[in-house]
Amino acid sequence: MTLWKGRISTGMADAVATFTVSLPFDKVLALDDLVGSRAHVKGLGKVGILTDSEVTQLLDTLDLVQEEFDTGTFVFEPGDEDIHTAIERRVTEHAGEAVGAKLHTGRSRNDQIATDLRLWCRRSLVGVAGEVMALQDALAQRALEAADVYLPGYTHMQRAQPVLLAHHLLAHGWALARDVDRLLVTVDRLNISPLGAGALAGSSLPLDPDFVAAELGFHGRFENSLDAVSDRDFVVEALFDIALLGVHLSRLGEELVLWSTEEFGFCTLDDAYATGSSMLPQKKNPDVAELARGKAGRLIGHLNAVLITLKGLPLAYNRDLQEDKEPLFDAVVQVSRALVALRGVYETVTWNEERMQRAADGPAAAAIDLAEMLVEQGMPFRQAHALVGGMVRDSLERHVPLVELVAAHPELGEAAVELLEPGVAVTRRRTPGGAGPGPVADQMERFARRLEVDRTRLAQWPVR
Ligand code: ARG
């Protein structure tokens, strides 16, 4: 069914229908469209445009249609151009022309789609944030289990200083905490109702946008009808949040790829979270980690696509805006799958603690501790840095173990040799937020508290 039987005399040419139809992707908005329509109907009832009995009939019919979606019995028809058309058609079939034809009173698909999309974003972004938190839980759990295991920390991909594995895992956890925060701030900002803006200018009917906004759990209504129907900032923000989250997941993925190589050998992936090779019998591949890395490209692409679509668009609604949907929907699907799969990887991966610790135990990894010991004895840091640096060079050039040079040095000696013992250096990091056992124990508590706070924030939002 088309919605414009009056002005346009003929049906759409096939090529036009094929090109403009959005049902194949906007059908995921069914739930939100029904929720929006319920509020709209109640709004029309409140201001007396619909009688009480009409309101009841329409609400019952919307429930009926909802049931058809819930049970998978809703049947789309070839003429259904988009989800709005499909639902209005079905409501009219059930409720009859007389009442069904009143559903769209005072409403345009322009404010309708803006409303649907905000409702969809609200519940979907809350869902993504929940998945991020589940991954954070897995990281926190593994951090707890890692106890005093340590590995090299790197700068420039060169071994720099040993750090606790728990510290390393929580570094990712905190990046994800910013993602959760960003998603929830985006949800909070987008929580404004465009319903009542109509096609672009509002209506001559006595609509009550404040009422429908409250019905839908929005903070309030639009301030400007033109802005209401043309604003897709929230889509861009959602896509940015997801793209950056995707970038974080790509860094996790890259790390797992590296760590699972024979060269690093820091971890062994569980068989259920690894893949084989179709040709090489010996291969065990980290495909989940690679795809987590690869999806970031697609997610950044989606953000770009929508920004470029919006650039230079005149007020108010333009059909170009339909192009916001596929990138948005796909971004949520892809990032959700990545989050779930990566969580599984972290829950099941085996850390090769031996390998990690051996890599971190090179005596030079404690060079800074030697310099800091001299500083505590009163030597200016620059001087201490040069002295220890010279010893490391000496040790390499003359093939004398650093320990021997340290032991023989008048200002260092036996006390300094102890610093070079395996596992000692990492225990000396005591800066709050640093990589040693004291600060990391404190950090784990702070991280757990942060998760609690975010869980409470998350629970404030409806998921349906
Ligand atoms: N499918 C459209 C979209 O996604 C719905 C709004 C259509 N409005 C219109 N005036 N054709 O933007």
Side-chain angles (χ1 to χ4, degrees), residues 1-37 39-40 69 74 76-91 103-124 190 192-203 212 216 222 225-239 302 305-333:
M1 136 180 139
T2 50
L3 301 173
W4 49 80
K5 281 180 217 136
R7 170 70 176 81
I8 309 282
S9 59
T10 62
M12 262 188 248
D14 284 350
V16 175
T18 308
F19 184 54
T20 60
V21 72
S22 58
L23 185 67
F25 50 86
D26 70 15
K27 60 185 174 203
V28 304
L29 295 171
L31 175 68
D32 311 284
D33 201 73
L34 288 161
V35 167
S37 287
H40 181 61
F69 277 104
F74 188 98
F76 290 108
E77 290 200 344
D80 294 340
E81 179 194 343
D82 55 26
I83 190 65
H84 325 296
T85 320
I87 290 178
E88 194 180 330
R89 168 188 60 74
R90 191 68 183 135
V91 166
L103 174 62
H104 208 55
T105 312
R107 185 174 69 174
S108 155
R109 278 185 298 165
N110 299 351
D111 58 345
Q112 186 176 2
I113 184 61
T115 306
D116 291 4
L117 207 52
R118 281 175 193 260
L119 292 172
W120 186 89
C121 274
R122 188 170 72 184
R123 65 188 173 95
S124 301
L190 70 74
I192 295 290
S193 175
L195 199 53
L200 76 164
S203 169
V212 291
L216 293 169
F222 60 94
S225 61
L226 290 171
D227 184 41
V229 291
S230 61
D231 172 23
R232 293 294 183 274
D233 290 2
F234 64 100
V235 175
V236 173
E237 289 187 42
L239 285 171
H302 288 335
V306 173
L307 277 172
I308 295 165
T309 300
L310 294 179
K311 182 194 167 297
L313 269 193
L315 292 175
Y317 179 83
N318 299 275
R319 191 66 179 265
D320 315 44
L321 291 176
Q322 181 168 295
E323 286 297 302
D324 60 359
K325 280 165 206 67
E326 284 165 290
L328 177 66
F329 298 159
D330 183 65
V332 166
V333 169

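Read the numbers this way: they start at 1 and go in the same order the structure lists the ligands and their atoms.
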[atom]: which protein heavy atom is closest, and how many Å away?
atom                   : answer
atom 4 (O) of ligand 1 : Lys325 NZ, 2.6 Å
atom 1 (N) of ligand 1 : Gln322 OE1, 2.8 Å
atom 7 (C) of ligand 1 : Tyr317 OH, 3.5 Å
atom 8 (N) of ligand 1 : Asn110 OD1, 3.0 Å

Which ligand 1 atoms does Ser22 reach within 4.0 Å, using its non-hydrogen atoms?
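Taking each heavy atom of Ser22 in turn, ligand 1 has 1 (N) under 4.0 Å.
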Option from Lys27, Arg90, Arg89 for which salt bridge (charged side-chain N to carboxylate O under 4.0 Å, His left out) with Asp80 holds
Arg89
So, are [X] and [Y] salt-bridged, with charged N and O less than 4.0 Å apart?
X      : Y      : result
Asp26  : Lys325 : no
Arg123 : Asp32  : yes
Glu237 : Arg118 : no

Measure across Phe25 and Phe329 and return the closest heavy-atom pair with its distance rounded to 0.1 Å.
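Between these two residues, the closest heavy atoms are O-CE1, 3.3 Å.
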